[in-house]
S.K.: 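This structure is in structure tokens; I'll ask about it shortly.
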Amino acid sequence: MKNHCKITSIVLVLFLCVSMQVLNAQDDFTMRDKMKSFKKIMLMEKLNMNEELSIKFFAGYQQQEEFIKKAYNDLDLALKNLDDLQQSGKGDYEKAIQQVFDKDFAMRKAVIDRMKAMKGILSDKQYAQYILIEHRLLDNLQKMVKQRKNRMK
């Protein structure tokens, strides 16, 4: 039990360090990859997965990640198009805004689809924990950043 707490603490400290680096990073892609790696470590630890389960889980996870990446790129392109339109002052704002909404919805759906795809792989208890991790990850990151800012004041 003591070893489990120690491992969890190490993972959380590493995650916090990487999270803080994200704020100062020049290369978003490198930091995004590091964040994904630490997220995977955290998922393995929190979901208490053995090697066989983790291989199966991350194979499905990675497959779904590709859909999310495509949806994210599509959203990014729609946002750039809207930005270009706004800069030029010419064009159909309504259509461009609707495209952003549609691409944002598609990206969010891809994330939910990934969560749903994990249901058949994990036990009910692990699946519930996974859902909580996915939803709380951003909240926890924001809280850590806020705490760091408060300590620096």
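This structure is a prediction, so every number in the text was calculated from the model and none was measured.
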S.K.: Test of understanding: with salt bridge (charged side-chain N to carboxylate O under 4.0 Å, His left out), list the residues that count as partners of Lys80, not counting sequence neighbours.
M.R.: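 Only Asp76 meet the salt bridge (charged side-chain N to carboxylate O under 4.0 Å, His left out) criterion with Lys80.
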S.K.: Please name all residues satisfying side chain to side chain contact (heavy atoms under 4.5 Å, CB included) with Gln98, sequence neighbours left out, ordered by chain then number.
M.R.: Phe101, Asp102
S.K.: Can you tell me how far the CG atom of Leu82 sits from the NZ atom of Lys103, to the nearest 0.5 Å?
M.R.: 14.0 Å
S.K.: Find out if a path of hydrophobic residues (ILVMFWY) with successive side-chain heavy-atom gaps under 4.5 Å connects Phe57 to Met42.
M.R.: yes
S.K.: Among residues at least two apart in sequence or on other chains, which ones pass side chain to side chain contact (heavy atoms under 4.5 Å, CB included) with Ala110?
M.R.: Ile68, Ala71
S.K.: The criterion is salt bridge (charged side-chain N to carboxylate O under 4.0 Å, His left out); which residues satisfy it with Lys95, sequence neighbours excluded?
M.R.: none
S.K.: Name all residues meeting the salt bridge (charged side-chain N to carboxylate O under 4.0 Å, His left out) criterion together with Asp113; count only those two or more places apart in sequence or in a different chain, and write none if there are none.
M.R.: Lys109
S.K.: With a cut-off of 3.5 Å and sequence neighbours excluded, list every side-chain donor-acceptor pair involving residues 124-133.
M.R.:
| from | atom 1 | to | atom 2 | distance (Å) |
| --- | --- | --- | --- | --- |
| Gln126 | OE1 | Ser123 | N | 3.1 |
| Gln126 | OE1 | Ser123 | OG | 3.3 |
| Gln126 | NE2 | Leu47 | O | 2.7 |
| Tyr127 | OH | Met115 | O | 3.0 |
| Tyr130 | OH | Glu134 | OE2 | 3.2 |

S.K.: Among all residues two or more places apart in sequence or in another chain, which pass the ring-ring contact (aromatic ring centres under 6.0 Å, His included) test with Tyr93?
M.R.: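 Once residues adjacent in sequence are excluded, Tyr93 has no partner under the ring-ring contact (aromatic ring centres under 6.0 Å, His included) criterion.
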S.K.: Restricting to non-hydrogen atoms, name the atom on Gly60 and the atom on Met118 that form the minimum distance, rounded to 0.1 Å.
M.R.: C-CE, 3.5 Å
S.K.: If you apply the rule side-chain contact (heavy atoms from CB on, under 4.5 Å), what do you find for Leu53 with Leu122, and how did you get there?
M.R.: CA-CA 8 Å; Leu53 180 60; Leu122 301 169; 4.3 Å; yes
S.K.: For a quick test of reading the model, state the closest non-hydrogen atom pair linking Ala96 to Leu85 and the distance between them.
M.R.: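 Looks like CB-CD2, 3.7 Å.
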S.K.: Indicate if Phe105 and Ile97 have the same hydrophobic cluster label, given that clusters are the connected sets of ILVMFWY residues with side-chain heavy-atom separations under 4.5 angstrom.
M.R.: no
S.K.: Does anything in residues 54-73 form a salt bridge (charged side-chain N to carboxylate O under 4.0 Å, His left out)? List the pairs, not counting sequence neighbours.
M.R.: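 Every pair satisfying salt bridge (charged side-chain N to carboxylate O under 4.0 Å, His left out) with a residue in residues 54-73: Lys36-Glu65, Glu65-Arg114, Lys70-Asp74.
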S.K.: Report the distance from atom OG of Ser54 to atom CG of Asn48, rounding to the nearest 0.5 Å.
M.R.: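 So the gap between those two atoms works out to 11.0 Å.
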S.K.: List the residues meeting side-chain hydrogen bond (donor to acceptor under 3.5 Å, both in side chains) with Gln86, not counting sequence neighbours, and say none if there are none.
M.R.: none
S.K.: Kindly indicate whether the side chain of Ile121, heavy atoms from C-beta on, has any atom under 4.5 Å from the side chain of Tyr61.
M.R.: no
S.K.: Please name all residues satisfying salt bridge (charged side-chain N to carboxylate O under 4.0 Å, His left out) with Lys40, sequence neighbours left out, ordered by chain then number.
M.R.: none
S.K.: Please evaluate residues Met44 and Phe58 with respect to the criterion side-chain contact (heavy atoms from CB on, under 4.5 Å), reporting the C-alpha separation (whole Å), side-chain torsions for both, the decisive distance (0.1 Å), and the verdict.
M.R.: CA-CA 10 Å; Met44 286 175 58; Phe58 286 113; 3.3 Å; yes
S.K.: Partners of Asn73 by side-chain hydrogen bond (donor to acceptor under 3.5 Å, both in side chains), sequence neighbours excluded?
M.R.: none
